[in-house]
Amino acid sequence: MADPKGFLTTGREVAETRPVQERVKDWNEVYVPGSLLPIISKQAGRCMDCGIPFCHNGCPLGNLIPEWNDYAYREDWTAASERLHATNNFPEFTGRLCPAPCESACVLGINQPAVTIKNVEVSIIDKAWDSGDVTPQPPERLSGKTVAVIGSGPAGLAAAQQLTRAGHTVAVYERADRIGGLLRYGIPAFKMEKSHINRRIEQMRAEGTKFRTEVEIGTDIDAAKLRRRYDAVVIAAGATVSRDLPVPGRELNGVHFAMEYLPLANKVQEGDLTVSPITAEGKHVVVIGGGDTGADCVGTAHRQGAASVTQLEIMPKPGEDRSANQPWPTFPMLYKVTSAHEEGGERVYSVSTTHFEGSVPEEGQAVGDVRALHLVEVEFKDGKLEQKPGTERRIPADLVTLAMGFTGTDQANGLVQQFGLELDERGNVARDDNYATNVDGVFVAGDAGRGQSLIVWAIAEGRSAARGVDRYLTGTSALPAPIRPTDRSLLV
């Protein structure tokens, strides 16, 4: 145990954020650089080294949290990094982006603020990079087997790294112009600077993983031909089909999916564009959807100089404390103020959009520009959402982003049909207990098989699918498989 009295004598402290007026003027990460190291050892000492560490249950990766908390408390950063990497390929990603279900399951959290597990994690990995403890781990020998991984998000990268280290020759195919998937173009730089992705890619290249960008399987390369070229294929294409809002006025200019809006802002930061073709500058912005993607749109709009930002959510406002029907150690639905919300804007709950109002089309335009959004308050009655009469109102809207989640993997590019893949009842690619699809030698990992989920689940799926592929190719495998395809978050 790190500090036997740490949870009694030390209060919870989290990473310090930069002042709002400073950070909205740039795209750097919102936290004060170096602010965690002076406090993180004591924070790690709050860990109780529980006999049954429920944080393991909250984390699908099975992270060895009490172990690396102990090493962080003792400032043995090399040992802490080794324990951290034993279960997680990319802790710098999860330490910045994961909503930390491990903290919701922390035993200390029953009656006190939970251990700052996420902050300890990111401190360990940042220290490891700075100290040179993160090095390539190429295989001792090659198996002679080849694997194609379709998609370079967290699931695809985790599967590729595991399989490369097992000795297989792995090529990752990505339809975008850079590796990273949603990590690259869906997550704004103020949440995770892209240098963290770049140095992992360089580590993977040094280990032997090959990368092929701007290649869309199903369009640029026939999926069936790809299968014949490789001994095995892992589909990690994500759940990239955005949920739409089919209401009158949806066709107006200025109404966009979040994943049309966010990637362009990231391309500006990459130096590909000078100004985003879809910008919030000087506009009244409405974000429909109250989740993390919606918050990303809010923070992006602030940095682009929006005149106002309003975020709409159809569900009621969550409470700030656990409700009785969401007991520890489940992951509770709580009111969350992200860094983007700290920067301003209005959040409106229990409302539904009825239609968009637009301007008169100019000469040569098929439709006008969005100018306003009409909404109505809603409430639950007998388990159904119903509109409340007399609550209709109009709010200005020059730019609307739809951030209501995703409905499944892309089928328009022909990948599913060309492979001949079977889908489950939710529209995801069906797989068995080994992550194998109905097509021999083709496996699926991440959101493409699970549906929209968290980054930590994606990495866990990538690691688990890699074991299935390794067993398929060699007859046995020593690779870990932290989760089964049917496992789900601990919810009520």
Side-chain angles (χ1 to χ4, degrees), residues 239 241-262 278 280 283-298 301 306-326 331-338 340-341 344-361 367-408 425-427 451-452 491-492:
V241 179
S242 300
R243 181 172 283 107
D244 209 342
L245 184 62
V247 299
R250 168 63 180 88
E251 75 284 354
L252 290 168
N253 296 319
V255 182
H256 300 277
F257 288 120
M259 290 310 299
E260 294 173 329
Y261 174 60
L262 294 173
I278 305 175
K283 296 178 180 178
H284 297 290
V285 178
V286 178
V287 179
I288 302 178
D292 288 339
T293 302
D296 293 343
C297 292
V298 170
S308 69
V309 182
T310 305
Q311 187 175 17
L312 308 181
E313 169 57 57
I314 197 169
M315 301 299 290
K317 180 180 178 180
E320 296 186 7
D321 299 309
R322 283 185 183 270
S323 61
N325 65 347
Q326 294 178 339
F331 189 65
M333 298 298 294
L334 299 177
Y335 180 69
K336 183 169 64 173
V337 179
T338 70
H341 297 128
E346 182 182 4
R347 303 168 76 178
V348 184
Y349 291 88
S350 297
V351 293
S352 178
T353 302
T354 60
H355 64 281
F356 300 110
E357 175 187 327
S359 64
V360 177
V367 295
D369 301 321
V370 66
R371 286 291 175 259
L373 179 149
H374 292 252
L375 56 81
V376 62
E377 294 180 15
V378 295
E379 60 182 347
F380 276 101
K381 282 188 177 180
D382 299 323
K384 296 181 179 180
L385 274 175
E386 295 186 5
Q387 296 184 359
K388 297 171 66 174
T391 62
E392 300 85 356
R393 67 181 186 270
R394 173 187 183 274
I395 60 174
D398 305 310
L399 172 63
V400 177
T401 61
L402 307 180
M404 303 176 295
F406 304 90
T407 61
E425 65 277 2
R426 299 171 61 216
Q452 180 185 341
L491 301 172
V492 174

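Since we're looking at a predicted model, the values are computed, not measured.
Here Thr401 contributes atom OG1 and Leu262 contributes atom CG; the two are 7.5 Å apart, rounded to the nearest 0.5 Å. Rounding to the nearest 0.5 Å places OG1 of Thr310 at 9.5 Å from CG of Leu373.
Nearest heavy-atom pair across Val298 and Gln311 is CG2-OE1, 3.8 Å. Closest approach of Pro316 and Ser350 over heavy atoms only: CA-OG, 3.2 Å. When all heavy atoms of Phe257 and Ser242 are compared, the pair lying nearest together is CD2-CB, 3.4 Å. Nearest heavy atom pair, residue Ile314 against residue Val378, reads O-CG2, 3.6 Å. For the residue pair Pro248 and Thr354, the shortest heavy atom distance occurs at CD-O, 3.6 Å. Taking every heavy atom of both residues into account, Val255 and Gly249 meet most closely at CG2-O, 4.3 Å.
Every residue two or more places apart in sequence or in another chain that forms a side-chain hydrogen bond (donor to acceptor under 3.5 Å, both in side chains) with Ser323 is listed here: Asn325. In this view, His374 and His355 satisfy the ring-ring contact (aromatic ring centres under 6.0 Å, His included) rule, not counting sequence neighbours. Listed by chain and number, the residues in a side-chain contact (heavy atoms from CB on, under 4.5 Å) with Glu313 are Met315, Tyr349 (sequence neighbours excluded). Applying the salt bridge (Lys or Arg N to Asp or Glu O under 4.0 Å) rule to Arg243 yields no partners; only residues at least two apart in sequence or on another chain are considered. Judged as a salt bridge (Lys or Arg N to Asp or Glu O under 4.0 Å), and not counting sequence neighbours, the contacts of Arg371 are Asp369, Asp398. For the salt bridge (Lys or Arg N to Asp or Glu O under 4.0 Å) test, no residue two or more places apart in sequence or in another chain qualifies with Glu346. Not counting sequence neighbours, Val360 has no partner by the side-chain contact (heavy atoms from CB on, under 4.5 Å) test. The salt bridge (Lys or Arg N to Asp or Glu O under 4.0 Å) test applied to Arg322 returns no partner, not counting sequence neighbours.
The ring pair (Phe, Tyr, Trp, His ring centres under 6.0 Å) analysis of residues 385-406, with sequence neighbours excluded, yields no pairs. Applying the salt bridge (charged side-chain N to carboxylate O under 4.0 Å, His left out) test to residues at least two apart or on different chains, the pairs with a partner in residues 248-258 are Asp244-Arg250.
For the pair Val370 and His256, the minimum side-chain heavy-atom distance is 4.5 Å or more.
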Quiz: residues 383-392 side-chain donor-acceptor pairs under 3.5 angstrom, not counting sequence neighbours:
unit_1 : atom_1 : unit_2 : atom_2 : d
Thr391 : OG1    : Glu377 : N      : 3.0
Thr391 : OG1    : Lys388 : O      : 2.6
Glu392 : OE1    : Gly390 : N      : 3.4

Give every donor-acceptor pair under 3.5 Å between a side-chain atom in residues 283-296 and any protein atom, sequence neighbours left out.
unit_1 : atom_1 : unit_2 : atom_2 : d
Lys283 : NZ     : Thr279 : O      : 3.1
His284 : ND1    : Ser308 : OG     : 2.8
Asp292 : OD1    : Lys336 : NZ     : 3.0
Asp296 : OD1    : Lys191 : NZ     : 3.0

Test side chain to side chain contact (heavy atoms under 4.5 Å, CB included) on Thr353 and Val400 and set out the steps.
CA-CA 11 Å; Thr353 302; Val400 177; over 6 Å; no

